[in-house]
Amino acid sequence: MPELPEVETIRRGLATALEGRRIARVTVRRSDLRRPLPENFAARIEGRRITGIGRRAKYLLLSLDDDNVLLAHLGMSGRMVIENGAETRVAHLTHVHVSFAAEDGTVVRFSDPRRFGLMDIVAANALDSHALLAGLGPEPIGNAFDGTILAERLKGKRTPIKAALLDQRVVAGLGNIYVCESLYRSGISPKRLARTVQGERAHRLADAIRAVLADAIAAGGSSLRDHVSATGELGYFQHNFEVYDREGQPCPGCDCGAGVLRIVQSGRSTFYCAARQR
DNA sequence: CTTACGGCCTGTACGC
DNA sequence: TGCGTACAGGCCGTAA
C-alpha cells in the first residue's frame, strides 16, 4: 500500500504511540522478509527506548537510545498496526511477522502478506551511507525540492517521465498512484521523454508533486483495500483520485470523450488523459 | 554508463 | 462451485 503519504501517515501514528517509550519485548514470527532480519534482531531492540521516528522516502526510521536506527520498509502490503490492550483488530493477523511491545502495554505489529517489506538496524551515524538510502533522490515535500532541482535530475534521461518519477533516485517517495496523479495535475503526458521535462514544465510538475502529496497526507493517505494508518483509520485520498484506477471514467475538468485511459509502462499501469496531458 | 525486464510472494477479482 | 489468469500501492538483480 504505502507510498510517501501512507508512510508519513503511519509515521505520525507511530510517533504518538511510541516516541519516548521503551520496547520491552520483540517477537519475531517470521524473519524471512524481502531480506532476512539482521542477526539478533529482537535482542538488539529489547530494552531500547524509541527517541524519535522519522521517514526517508518510503522508509520508516525509528531512532533508538543506543544510537542505532531501526529502518523499516513496508513493501507493497506491509502495515504497522498499533494495538492498545483491549483493541485486537489486527489486519492480516496471519501475516504478522514482528511485534514490538512497549513497557506501557502498547503493541505495534508489523504485518506483510507479500513479504516485500524489510527491516534493518543501522548505526545512526552510518544511516546516510546505508545501501538502501545512499542513492535516494530529494524528498519531494522538503524545502530542497523544486522545478529547478527536478529538471536537473531529469536531464538527459531517455525513459518516459512516468518511469523516471518511479525511480527513487530521481525523486524519493513517489509510487504508481502519485506519479499518475502528479502527471495529470501538471498536464504532462506519461509517455513524454523525461529529458524533455525542463523549464516551465519541470516547475509545473514539481509543484503538482508537492501539491498532490500534501493533499494526500492531509487526507491520511489512500486506502485501496484496507486500513492505512497505524491507528487503524482509513485514509480517504482514494476518493480524490483524478485518474488512478479510473480507466474509462470521465476525467474531471476535461471534456474529452475518451475519458481516462490505461496503458502499461515498464510493466505497470499508467492512467492518464490523452487530451489534457501532453 | 543507462535502460528493460523478470522475479520476489500472497491475495483478490474476474472470466469461463 | 472451481479453476486459471491477470493484476496489485515496491524494489532489486541481471542482462542488454
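These figures come from a predicted structure and were not determined experimentally. So that the names make sense, note that chain A is the first sequence line, chain B the second, and so on, each numbered from 1.
One finds a side-chain N or O of A:Q168 lying less than 4.0 angstrom from the OP1 or OP2 phosphate oxygen of C:dC11. Between A:K58 and the phosphate of C:dG9, there is no side-chain N or O to OP1/OP2 separation shorter than 4.0 Å. Contact check, A:H95 against B:dT10: no side-chain N or O comes under 4.0 Å of OP1 or OP2. Taking 4.0 angstrom as the limit, A:Y59 places none of its side-chain polar atoms (N or O) nearer than this to OP1 or OP2 of C:dG10. Look at A:R169 and you won't find any side-chain N or O under 4.0 angstrom from OP1 or OP2 of B:dT2. An OP1 or OP2 oxygen of B:dG7 is reached within less than 4.0 angstrom by no side-chain nitrogen or oxygen of A:R34. The phosphate of B:dT3 has neither OP1 nor OP2 within less than 4.0 Å of any side-chain N or O from A:S266.
With contacts defined as side-chain heavy-atom distances shorter than 4.5 Å, the pair A:L4/A:V7 does not qualify. In this structure, A:D65 and A:R22 have side chains that are in contact, with non-hydrogen atoms separated by less than 4.5 Å.
A gap of 16 Å separates the P atoms of C:dT14 and B:dC9, to the nearest Å. Between B:dG11 and C:dC12, the distance separating the two C1' atoms is 22 Å to the nearest Å. Separation of the C1' atoms belonging to C:dG9 and B:dT3 is 23 Å when rounded to the nearest angstrom.
No N or O donor and acceptor, one from the side chain of A:R115 and one from the base of B:dC9, sit under 3.5 Å apart. With hydrogens and angles left out, the side chain of A:R114 and the base of C:dA8 share a donor-acceptor pair within 3.5 Å.
Taking every side-chain heavy atom of A:S269 into account, C:dA8 is the closest of C:dA8, B:dG11, C:dG9.
Taking a pair to require two hydrogen-bonding distances under 3.5 Å in either a Watson-Crick or a G-U wobble arrangement, B:dC9 remains unpaired. Across all strands shown, C:dG9 has no partner, as no Watson-Crick or G-U wobble contact with both distances under 3.5 Å is found.
In this structure, the side chain to side chain contact (heavy atoms under 4.5 Å, CB included) partners of A:R185, at least two apart in sequence or on a different chain, are A:A208, A:A211, A:V212, A:D215, A:F237, A:E242.
A:G175 comes within 4.0 angstrom of sugar-phosphate atoms only, judged by non-hydrogen atoms across all strands, and of no base. Within the 4.0 angstrom heavy-atom criterion, only backbone atoms of the sugar-phosphate kind lie near A:Y244; the bases stay farther away.
The separation between A:L118 atom CG and B:dC8 atom C1' is 13 Å, rounded to whole Å. Atom P of nucleotide B:dT2 and atom CG of A:D167 are separated by 10 Å, given to the nearest angstrom. If you take NZ of A:K157 and P of B:dT3, they are 5 Å apart, rounded to a whole angstrom. Across the protein-nucleic acid pair, A:R268 atom CZ and C:dC11 atom P stand 9 Å apart, rounded to whole Å. Atom pair A:L136:CG and C:dC12:P shows a separation of 9 Å (rounding to whole Å applied). When rounded to the nearest whole Å, the span between CG of A:D120 and P of C:dC12 equals 13 Å. In this structure, A:L33 places its CG atom 12 Å from P of B:dT10, rounding to the nearest Å. Following rounding to the nearest Å, A:E181 (CD) and C:dG9 (C1') show an atom-to-atom distance of 13 Å.
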Exercise for the section: Go through the steps for A:E3 and A:K58 under the test salt bridge (charged side-chain N to carboxylate O under 4.0 Å, His left out), then give the verdict. Expected result: CA-CA 6 Å; A:E3 301 182 34; A:K58 301 170 191 172; 5.5 Å; no
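A distance cut-off of 5.5 Å between ring centres, combined with a plane angle under 30°, leaves A:F116 outside any stacking arrangement with the base of C:dC11.
Judged by distance alone, the side chain of A:Q198 and the main-chain N or O of A:A151 form a donor-acceptor pair under 3.5 Å. Of the possible donor and acceptor atoms, one in the side chain of A:R210 sits under 3.5 Å from a partner among the backbone N and O of A:F145.
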